[in-house]
Amino acid sequence: MPSLEDAKAAVAAFPTPSYVPVAVFAGGTSGVGQAMAEALARQLHGRVHIILLGRNAAAAQRILDSFPKPASASEDGGWKHEFVQCDANSMKNVQAVCAELKTRLKRVNFLVMSAAGPRGNSFTESDVTEEGIDDHLSMRYFSRYLYVRELLPLVKAAEASGQHAHVMSVLGAGFGMGFSLKDPMLHEERARSWKFLQGLTPKFAAVKGMVRGVGYNDGLIAYFAAQNPSIAFTHIMPGQVWTAGAQTLDLGWLLAPLGWLLTLQRRIFLVIPQDDCAQYMLSALLSPDTERGGAFFTSMHGSVVGGHVFPADYDAQRDWRDEDTRTGYLQGVRVKGYGGSDKTVTELNKWTEEVLEGVLSGSAA
Ligand SMILES: NC(=O)c1ccc[n+]([C@@H]2O[C@H](COP(=O)([O-])OP(=O)(O)OC[C@H]3O[C@@H](n4cnc5c(N)ncnc54)[C@H](OP(=O)(O)O)[C@@H]3O)[C@@H](O)[C@H]2O)c1
């Protein structure tokens, strides 16, 4: 298990690229995403194009102002530090922001998604967004899927130029959480649930949203990696991190004292500062071991729990095994810490596309 010193050394060993990397942090205005953006800016002495996505413009400005700035014109090379506002609870917003980015960026080298959203730590509250998506999943899964799908041409352009190309979702990797799609995630499915259970439906949905989001992120990574085998896709676990969004644990009024106790226990024994977490996360993002591309499921210490690097002659159209039901297998290979199967990934992808199509075309319930 890599130590914090190992992670720091790995980040420090990242050579300054000849080009100015473009790094997008969806969730870069606080928490793990903020700390990763800051650490990357420091490592590259500010010679990087960083885009922080989020809602809080004032917080973003404070973070951007704190980045080192290249001292001389010769170090310039097109660096930029900017904030782009996006409430990612809305898929239409995500799509619009990605469309805007595509009009002016030529490539994206690093796409990091870490925003958990308003329901970040609530095991009891859930609702549906105005677009009809479960609000645990809108931030933790659907917005991330859409960011990847929409910005993929820019990530591919980076890879095609022989540059770093890495997509990372910071959520809860390594548990091998299996997933099915039969859950009350959307409006119409909630409406169908039994009347006498209706008061509890949000609570069931909250827990399911939390748990399913983790499995779905495994599916997201597996799907896009399989379609784009020479690009690196990582689902990573940040560990227990003392970020602004993770300082309370909502278990409902009945279990509130347990929630306080667990929060206290986390504070004393478990949590790590977000800057330390960022070193682990960044060591995985910049790792030479992922440069050939593939799907990686990575621990809170930045080490790969399980991964799959696709063979050089792999062809997604020809080789994808959409009937393989074995959980934890990707393309016939057992991947430790991974919870999908080629069949569930195929189904998840189909369902996700249908949901997004409904929302983005305006025909959703
Ligand atoms: N922290 C932990 O202990 C822990 C443990 C396990 C897993 N995780 C997972 O690791 C990831 C990172 O954790 P974290 O604690 O850094 O998460 P976080 O505190 O929830 O992330 C904060 C970021 O999310 C953005 N955000 C929230 N709502 C948004 C919205 N509607 N639209 C756009 N951006 C929004 C915030 O930006 P604005 O405020 O500017 O909108 C901010 O940049 C999360 O997915 C979390 O679930 C964390």
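Counting starts at 1 for both ligands and their atoms, in listed order. Note that this is a predicted model, so its numbers are computed, not measured.
Within ligand 1, counting atoms from 1 as listed, the ones closer than 4.0 Å to a heavy atom of Gln240 are 3 (O). Less than 4.0 angstrom separates some heavy atom of Gly31 from each of these atoms of ligand 1: 16 (O). The contact set between ligand 1 and Val32, taken as ligand atoms under 4.0 Å from a residue heavy atom, comprises 12 (C), 13 (O), 16 (O). Listed by number with element, the atoms of ligand 1 under 4.0 Å from a non-hydrogen atom of Asn56 are 38 (P), 40 (O). Set against the non-hydrogen atoms of Gly54, the atoms of ligand 1 under 4.0 Å away are 34 (N), 40 (O), 41 (O). Applying the 4.0 Å criterion to heavy atoms of Asp87 picks out, from ligand 1, the atoms 30 (C), 31 (N), 32 (N). Contact atoms of ligand 1 toward Cys86: 32 (N), 33 (C) (distance under 4.0 Å to a heavy atom of the residue).
Residue Met300 does not touch ligand 1, judged by heavy-atom distances below 4.0 Å. Counting heavy atoms closer than 4.0 Å to ligand 1, residue Thr243 contributes side-chain atoms (C-beta onward) but none from N, CA, C or O. When non-hydrogen atoms are compared, ligand 1 lies under 4.0 Å from the side chain of Arg140 (C-beta onward) but not from its backbone.
At a 4.0 Å cut-off, not a single heavy atom of Gln85 sits close enough to ligand 1 to count as contact. At least one heavy atom of Gly28 sits closer than 4.0 Å to an atom of ligand 1. Not close to ligand 1: Gly172, with no non-hydrogen atom less than 4.0 angstrom away. Residue contact annotation: Gln34 has no non-hydrogen atom under 4.0 Å from ligand 1.
Note: His164 and Tyr19 have tilted aromatic rings, judged against thresholds of 30 and 60 degrees for the angle between ring planes. Ring planes of Tyr145 and Tyr223: parallel class, angle under 30° (limits at 30 and 60°).
The distance criterion of under 3.5 Å between nitrogen or oxygen atoms is not met by Leu53 with respect to ligand 1. Among the atoms of Met237, none of the N or O lies under 3.5 angstrom from an N or O of ligand 1. Checked against a 3.5 angstrom limit, the closest N/O atoms of Ala88 and ligand 1 fall inside it. In terms of polar-atom proximity, Gly33 is not counted as a contact of ligand 1, lacking any N or O under 3.5 Å from an N or O of the ligand.
Between Arg104 and Glu82, at least one side-chain N (NZ, or NE/NH1/NH2) sits under 4.0 Å from a carboxylate O, which counts as a salt bridge.
The nearest pair of heavy atoms linking Met168 to Ala284 is CE-CB, 3.9 Å. Across all their heavy atoms, Ser169 and Ile221 have their closest contact at CB-CD1, 4.5 Å.
Of the candidates Ser114, Ser169, Ala116, Gly239, the one placing a heavy atom closest to atom 12 (C) of ligand 1 is Ser114. Of the candidates Val271, Val241, Val214, Thr29, Thr29 brings a heavy atom nearest to atom 38 (P) of ligand 1.
Atom CG of residue Asp87 and atom CE of residue Met139 lie 7.0 Å apart, to the nearest 0.5 angstrom.
For residues 3-15, the side chain to side chain donor-acceptor pair (under 3.5 Å) pairs, not counting sequence neighbours, are Ser3-Asp6.
Considering only residues two or more places apart in sequence or on other chains, Val214 meets the side chain to side chain contact (heavy atoms under 4.5 Å, CB included) condition with Leu171, Phe175, Met177, His235.
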Handout entry: Steps toward salt bridge (Lys or Arg N to Asp or Glu O under 4.0 Å) verdict (Glu150, Lys102)
Key = CA-CA 9 Å; Glu150 296 298 303; Lys102 281 189 283 191; 3.3 Å; yes

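Remark: aromatic rings of His301 and Tyr280 are close, center separation under 6.0 Å. A centroid separation of 6.0 Å or more is found between the aromatic rings of Phe142 and Tyr216.
A side-chain N or O of Gln61 and one of Asp65 form a donor-acceptor pair less than 3.5 Å apart.
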